[in-house]
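So the structure is just underneath, and the comments pick up after that.
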Amino acid sequence: MISQTEVGLYQALEHDPSVVIPGFELSHEFLHDPLFYQWTTPNHTLPLSIQSKRYYPTMPKLSIIVPIYNVENFLDQCLESIRVQTFKDWECLMFSDGSKDGSIDIMKRFAAEDDRFKVIEKQNEGYGATCNRGLDMAQGEWVCIVEPDDFIDPHMYENLLSAAHSDKGTVDIVKGSYWLYYDAQPPYTEALQNSNLSAFMPARQTDFTLEEFTAPFYHHPSIWSAVYRRDFLNGDNKASRKIRFKPIPGAGWTDNPFFAETMVLADRIVWTPGRYYYYRQTNPGASTFLKDFHLPFDRLRDMREFLESQHVSKDIMRAFYSREFDYVTSVIGEFGYDDKNPEIRKLIREVFESMDRDEVFLMPGLRPEFLDYYMDFMGESYDVKEHPAETNPDLSIVLLTKDAHSWIVDTLETYAAFNHLSCEFILIDEGSQDSTMNIADAFARKDKRFIVKMNAARSSGTGSGEHITLAEQMRQAIDNAHGTYTVFIPSNFTVGEKLLNACVIGAQKTHADVVLPDAGNVHCDYLLRKMRELHLPVPDESSKSPDALRGPIYGPFSSSDIPELAFASNLDYGWMRLYRTEFLKKNHIGASDADVATSLYGLGGEAMIAADSIAFLDLKNDWDIQDRQRQQVGSAFWLSLVKVIPYTSEPETVLPAVLEFGEQLRERQLFDTYEQGYLNAVLSAFMRDLRSRFTPEGIDSYISDYSDRVSKMLDIAHRGALYFYDTDAFNDFQKITLSGNLNRWLEERTLRDEDIIFMQDKTIRDLEASTRLRIGTYAVDAIKRLSPARLIAQAQAKARLNKRR
């Protein structure tokens, strides 16, 4: 009787005659006739014919292929999970792909204890080539692959093979589900997570073809959670095509084309909902950690060429498009590559241009942000009109950008629609890791009012260049500004053309160095009193009706004229201030190192001190500013596609810039002059920062860093409530610092947040219940049922475009 060990050794020799097999010698006859082997063993001489394959009298039911490379930490668990399978009729072909660790010793130990395990040593070739050797050597009716850092359930192959039958045709694939497995990290124990495949596939056993049911094509290939009929892989399939892996060095994502070919060419696929495979996520050497961004795009290209050659259905192509979207977002999100890199953009464009545009808009369940990204990337979600540059504009609008992809189109479209205000738009970028500036470039190519300033990190094309600080970028922006006045606006805000035009008119009337449009007119009594003291002509407010769009102009003042207000208003108005551009340049005024885009307190403070004239504009009924930033927590974590503002994020902190400026006031011996206004700014900044933090860690850290210092500066117990302008901030500060009970303030804030959420939910419910929306939904559904696909796609595209306006 021929032992399984002898048969396995012969197979290795047949595949590669150079393999050295201890205990066996090549006969003299083989040297003269390569079609005939004769092995000499201590027990007998065994002639075996290559052509007739008579050397394998006991064929196993299942061949298990394990490609092994430097996985000694996990290999014992993997091979033991194979050894204890309740299904017994198998062979396990263990390939050492040039391993340099102790993996080979583990392999030999299992082979010595169980002759169903076969050891094949060879030079390193990579995952695909190694699996191909296994498929060529396998003798089982069915074959499968187990990756050596994973492990399997004891009943996996018993359950899969027992399901290998169908009344509708030949079963070529039996596929199960899998677990995402995480090793224990103290103080936790090991963890399991359900896979998307399990969540979206049927909860019962079923058989199908990919044409009938495309759902598997949306998910991870997970080729190792399946068994395959060997003859099917060897050419007994719809295309009479031998199915093998791409022989690419390393892992190379070669499972992707293999997955596509097997799923498309299978006669019947049986799905079993059991989760039998444990896919380890915590091996740092695994292929789940992408080291070369070309790999996903190369494999997508392989799959695309195969699918086109097979003329698959539109449903399958839509499923493949979804897979392409996932891979694009994984490269620039999950794996952290930068889609500003020209080479990555070229690869993404290759993917998107290969798609049938109409089919993209007809894809069921395509995430809206994916469609937005596609339209943005292909330039379809914004229509930039030609516009000449303004040679001597009245206003330079500096847009401060950082990771703004999810709103930058809306922002730039709003500004591009300006047609009355003489202006230019200077975009500076604080190291975005998304395609913000690529979209800005597209606007700048047509609308010459847009000027894109490139920073060093962006100029490398990889995001790896030296980072330029906000202060340095602001200096560049000011140097390149051509407008009579300049305003600095965070890119998530849009300011209406009427408001900016009113600000420019007010600035021109007063020739002010700094112009502050007043949203609430809360300090008008103080400003009027100061104007009377300075013998300035006091505006006649009685001539204005209560609903007038614009009120009087207060000033002009110097900062010393309004000491109690100067540096409180510097925070109150945040970034919404106009500066005479020549004034900024002449006085070398710029942002401080601690400044953030949402405040620019340091820049504003320097300007207020240096300004000969400061004007306040009463525009309380003409205040047109929108925050286009998405505030909700999205379900995706893709860095480039959705800019989410989750409660766990740390927002920009304004207080450091305020505190830094206070030190400058002391150095200049100006602190006593401006003390009240400045301390009001400290109080407002402290509470503004604290209110924007939601995690216990963030709150504790902020209070630990700043509470004692701010409490000592403000000394509210002695100064009292009348000293401070913001009563809400003052009351909250008392609760936090004087009562010693932070929980009371947190509970009140939570209740306020809940009230806001309840009101928003009610608004949404009322909208959903409205007759107008229900009729509109029915009309859209009817159009979809009755209209040709191309018209539906056009309507979808138009709807997406209109949504962004």
Side-chain angles (χ1 to χ4, degrees), residues 390-398 415 418-425 478 481-489 495-562 565-566 569-570 572-587 589 600 603-604 606-625:
E390 296 278 358
T391 52
N392 294 295
D394 291 332
L395 183 64
S396 293
I397 302 172
V398 178
Y415 290 126
F418 283 14
N419 53 22
H420 298 294
L421 178 63
S422 171
C423 61
E424 65 179 3
F425 307 97
I478 293 170
H482 303 99
T484 305
Y485 283 87
T486 298
V487 63
F488 305 95
I489 305 176
V495 183
E497 184 176 15
K498 288 183 178 180
L499 173 58
L500 289 174
N501 197 45
C503 291
V504 169
I505 292 171
Q508 291 171 337
K509 283 183 178 179
T510 60
H511 305 287
D513 296 325
V514 181
V515 175
L516 297 95
D518 188 344
N521 200 18
V522 294
H523 300 296
C524 67
D525 287 345
Y526 175 85
L527 295 173
L528 287 169
R529 177 165 59 86
K530 289 296 180 181
M531 292 181 73
R532 288 192 292 268
E533 291 175 0
L534 296 169
H535 306 291
L536 296 174
V538 177
D540 182 8
E541 292 189 275
S542 62
S543 64
K544 293 288 184 181
S545 64
D547 59 350
L549 293 178
R550 298 169 194 172
I553 298 175
Y554 303 106
F557 306 102
S558 68
S559 60
S560 59
D561 293 333
I562 49 173
L565 182 60
S569 62
N570 184 37
D572 289 344
Y573 300 103
W575 44 264
M576 189 54 205
R577 299 180 289 265
L578 267 66
Y579 302 95
R580 191 166 58 82
T581 306
E582 189 58 34
F583 158 75
L584 293 177
K585 294 180 178 181
K586 180 180 179 180
N587 291 276
I589 293 171
L600 296 176
L603 182 147
E606 288 290 336
M608 295 290 275
I609 290 176
D612 292 326
S613 57
I614 302 167
F616 292 79
L617 309 180
D618 182 354
L619 301 171
K620 60 180 179 298
N621 291 324
D622 200 14
W623 198 257
D624 181 15
I625 295 181

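The chain is numbered in sequence order, starting from 1.
Classification of the F425-Y415 ring pair by plane angle, with boundaries at 30° and 60°, yields tilted.
The shortest distance between side-chain heavy atoms of N501 and I505 falls below 4.5 Å. In this structure, the side chains of S569 and F616 come closer than 4.5 Å at one or more pairs of heavy atoms. R580 has its side chain out of reach of S613: every pair of non-hydrogen atoms, C-beta onward, lies at least 4.5 Å apart. Using a 4.5 Å heavy-atom cutoff, the side chains of D513 and M608 are not in contact. Side chains of Y554 and L528 form a contact here, defined as non-hydrogen atoms less than 4.5 Å apart. Put simply, the side chain of I478 does not reach to within 4.5 Å of the side chain of T486, judged on heavy atoms. At a threshold of 4.5 Å between non-hydrogen side-chain atoms, the residues D612 and F583 do not count as touching. Using a 4.5 Å cut-off on side-chain heavy atoms (C-beta onward), F418 and I397 make contact.
Rounded to the nearest 0.5 Å, atoms CG (L565) and NZ (K530) are 10.0 Å apart. Separation of atoms CG (L578) and CE (M576) is listed at 6.0 Å; rounding is to 0.5 Å. Separation of atoms CG (L395) and OG1 (T581) is listed at 7.5 Å; rounding is to 0.5 Å. Atoms CG and CG, from L499 and L617 in turn, are 9.0 Å apart once rounded to the nearest 0.5 Å. The CE atom of M531 sits 9.5 Å away from atom CD1 of I553, with the distance rounded to the nearest 0.5 Å. For the atom pair CD1 of I489 and CG of L500, the computed distance is 5.5 Å after rounding to the nearest 0.5 Å.
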Inset, instruction - Evaluate the side-chain contact (heavy atoms from CB on, under 4.5 Å) criterion for residues V515 and V487: first the C-alpha distance (whole Å), next the side-chain angles of each, then the deciding distance (0.1 Å), finally the verdict. - result: CA-CA 10 Å; V515 175; V487 63; over 6 Å; no

Inset, instruction - Step by step, work out the side-chain contact (heavy atoms from CB on, under 4.5 Å) result for E497 and N419. - result: CA-CA 9 Å; E497 184 176 15; N419 53 22; 3.9 Å; yes

Inset, instruction - Start with the C-alpha gap between N392 and E424, add the side-chain angles, then the distance that decides, and say whether side-chain contact (heavy atoms from CB on, under 4.5 Å) holds. - result: CA-CA 9 Å; N392 294 295; E424 65 179 3; over 6 Å; no

Inset, instruction - Test I589 against Y579 for side-chain contact (heavy atoms from CB on, under 4.5 Å), laying out the working first. - result: CA-CA 10 Å; I589 293 171; Y579 302 95; over 6 Å; no

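Closest approach of R532 to V538, counting heavy atoms only: CG-CG2, 3.6 Å. A pairwise comparison of heavy atoms in S422 and P393 identifies OG-CA, 3.2 Å as the closest pair. Taking both residues in full, the closest heavy atoms of R577 and G604 are given as NH2-CA, 3.8 Å, listed atom of the first, atom of the second, then distance. In terms of heavy atoms, A481 sits closest to S396 at CB-OG, 3.6 Å. Residues L536 and P556 come closest through the heavy atom pair CD1-O, 3.5 Å.
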